[in-house]
Amino acid sequence: NFAALNKTDGSRKPFKSRFENGMLVEFDYDAYHLRLIGDLIGYKFENTSVHQHLADKYGCSYEESKQRSFKQLYGGIDKKTREDITFFGLTYDKINTFWKYFKSHKFIETDIYNRKLLSKNYTDMNKNKLFNYLIQAYETESNIKTIIELKQYLLDKKTKLVLYGYDSFLFDFSKDDGVSTLTEIKNILERNGHMVKSQAGSNYGEMNDISDRL
């Protein structure tokens, strides 16, 4: 399980580029779940940190903002928050819209590939759980489309996608392909208005931020 490899105990260091002149480059989405929800409800975060954007709305720190946002999404959005912050008001409405459709039609389809979630397959479904299922499905289906586009772009290059996590993509980058390859990968990942950070290193355990260079 590569995703579970500890970042601080050295267990990632043995994983290196297969190219003599290569390096590993990882791109991570900024607040991917929240941005995907923004896509579904028509709320734009623009080119800014989502958690900082919401921290300004809450009137709290960046770290506290992260905790408060996920508490709202997974524990239920309280009345004050949905009234004070447009993002959560729209999210609350979407949760109820999905739930109403699911209850009346006994199924609901995923956003991109129209896969059906049938009510008969879920004995303990509730509206928040349904919303989480649909967001996870939207995330996976979006990433499938992204992976297909990335693989097509890299088809005639040495650089390859070698590891995928739900909000991150790791590449074995050959310098023979040129830095423009990394720039284009970044453009593909950000094509829907999502933001990514990037880091690179000679091995998977020692990587430095290169976001400002791409």
Side-chain angles (χ1 to χ4, degrees), residues 1-39 45 47-55 61-67 69-70 74 132 135-214:
N1 184 354
F2 292 97
L5 290 174
N6 193 296
K7 295 182 179 181
T8 59
D9 67 0
S11 58
R12 293 189 176 203
K13 287 186 179 181
F15 298 95
K16 303 178 180 180
S17 172
R18 64 194 174 97
F19 303 113
E20 185 175 345
N21 68 338
M23 63 174 59
L24 296 181
V25 181
E26 186 172 55
F27 293 86
D28 292 274
Y29 280 117
D30 171 72
Y32 198 28
H33 264 195
L34 293 171
R35 285 187 181 274
L36 289 172
I37 293 171
D39 292 345
F45 287 103
N47 294 325
T48 183
S49 164
V50 170
H51 293 303
Q52 187 58 56
H53 173 85
L54 291 174
S61 69
Y62 178 93
E63 286 302 321
E64 185 181 347
S65 171
K66 293 171 66 174
Q67 296 173 10
S69 293
F70 285 108
Y74 296 112
N132 290 334
I135 293 302
Q136 289 170 15
Y138 183 48
E139 169 195 289
T140 301
E141 292 178 349
S142 296
N143 287 344
I144 291 296
K145 293 183 68 175
T146 298
I147 288 170
I148 291 171
E149 189 172 347
L150 287 168
K151 289 178 72 68
Q152 289 175 338
Y153 171 69
L154 295 173
L155 197 60
D156 61 350
K157 296 178 172 54
K158 293 181 179 179
T159 299
K160 300 300 176 187
L161 173 66
V162 293
L163 182 63
Y164 152 70
Y166 81 92
D167 65 349
S168 66
F169 298 79
L170 181 70
F171 296 86
D172 188 358
F173 170 62
S174 170
K175 293 180 181 178
D176 291 343
D177 290 332
V179 177
S180 61
T181 295
L182 295 179
T183 302
E184 184 56 31
I185 288 173
K186 181 175 183 285
N187 290 338
I188 292 172
L189 293 171
E190 293 185 333
R191 72 189 186 290
N192 292 325
H194 294 183
M195 292 175 59
V196 294
K197 297 173 290 184
S198 50
Q199 55 180 345
S202 59
N203 65 69
Y204 193 37
E206 298 174 316
M207 306 182 79
N208 298 307
D209 191 286
I210 60 167
S211 301
D212 293 339
R213 294 163 56 185
L214 297 180

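For clarity, every value in this text was computed on a predicted model and none was experimentally measured.
Of the inter-residue distances, the one linking Q67 atom CD with S61 atom OG reads 7.5 Å to the nearest 0.5 angstrom. In this structure, the separation between CG on N132 and CD1 on I37 is 8.0 Å, given to the nearest 0.5 Å. Here CG of L24 is found 10.0 Å from CD of Q199. Values are rounded to the nearest 0.5 Å. To the nearest 0.5 angstrom, L214 atom CG is 12.0 Å from E184 atom CD.
Each of L150, V196, L161 was evaluated against I185; a single residue qualifies, L150, per the side chain to side chain contact (heavy atoms under 4.5 Å, CB included) test.
Residues forming a salt bridge (charged side-chain N to carboxylate O under 4.0 Å, His left out) with K13 (at least two apart in sequence, or on another chain): E206. Under the side chain to side chain contact (heavy atoms under 4.5 Å, CB included) criterion, S142 pairs with Y32, L36, I112, Y138, sequence neighbours left out. Taking the side-chain hydrogen bond (donor to acceptor under 3.5 Å, both in side chains) definition, one finds that D176 meets it with N21, K158, sequence neighbours left out. For the side chain to side chain contact (heavy atoms under 4.5 Å, CB included) test, residues two or more places apart in sequence or in another chain that qualify with Q52 are S49, A55, D56, Y62. Residues forming a ring pair (Phe, Tyr, Trp, His ring centres under 6.0 Å) with F27 (at least two apart in sequence, or on another chain): F171. Applying the side-chain hydrogen bond (donor to acceptor under 3.5 Å, both in side chains) test to E190 and every residue at least two apart in sequence or in another chain returns K186. For N208, there are no side chain to side chain contact (heavy atoms under 4.5 Å, CB included) partners, not counting sequence neighbours. For Y164, the ring pair (Phe, Tyr, Trp, His ring centres under 6.0 Å) partners two or more places apart in sequence, or in a different chain, are F169. By the ring pair (Phe, Tyr, Trp, His ring centres under 6.0 Å) test, F19 pairs with no residue at all, sequence neighbours left out. For H194, the side-chain hydrogen bond (donor to acceptor under 3.5 Å, both in side chains) test picks out D39, with sequence neighbours left out. Legend: residues meeting side chain to side chain contact (heavy atoms under 4.5 Å, CB included) with L163, ordered by chain and number and at least two apart, are F2, L170, Y204. For T8, the side-chain hydrogen bond (donor to acceptor under 3.5 Å, both in side chains) partners at least two apart in sequence or on another chain are N6.
Using a distance-only test at 3.5 Å, with no hydrogens or angles considered, no donor-acceptor pair links the side chain of S202 to the main chain of M23. Checked by atom type and distance alone, the side chain of D172 pairs as donor or acceptor with a backbone atom of R18 at under 3.5 Å. The closest donor-acceptor contact from the side chain of D177 to the backbone of T159 lies under 3.5 Å.
Shown here for G10 and P14, the closest heavy-atom pair between the two residues is O-CD, 3.6 Å. Taking all atoms of both residues into account, the shortest heavy-atom contact from N143 to Y29 is OD1-CE1, 4.4 Å. Heavy-atom minimum distance, H51 versus L34: CE1-CD1, 3.5 Å.
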request  = Before giving the answer on side chain to side chain contact (heavy atoms under 4.5 Å, CB included), spell out for V162 and F15 the whole-Å C-alpha distance, their side-chain angles and the decisive distance to 0.1 Å.
outcome  = CA-CA 11 Å; V162 293; F15 298 95; over 6 Å; no

ask   = Please walk me through it: do T181 and L154 pass side chain to side chain contact (heavy atoms under 4.5 Å, CB included)?
value = CA-CA 8 Å; T181 295; L154 295 173; 4.0 Å; yes

Derivation of the side chain to side chain donor-acceptor pair (under 3.5 Å) call for T146 and R191 = CA-CA 9 Å; T146 298; R191 72 189 186 290; 3.0 Å; yes

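At a threshold of 4.0 Å, the pair R35-D30 counts as salt-bridged, since one of the basic side-chain nitrogens sits closer than that to a carboxylate oxygen.
Between R213 and L182 the shortest side-chain heavy-atom distance does not fall below 4.5 Å.
Within 6.0 Å of the NZ atom in K160, the count of heavy atoms belonging to other residues, nucleotides or ligands exceeds 12.
No close placement of the H33 and F70 rings is indicated, their centers lying 6.0 Å or farther apart.
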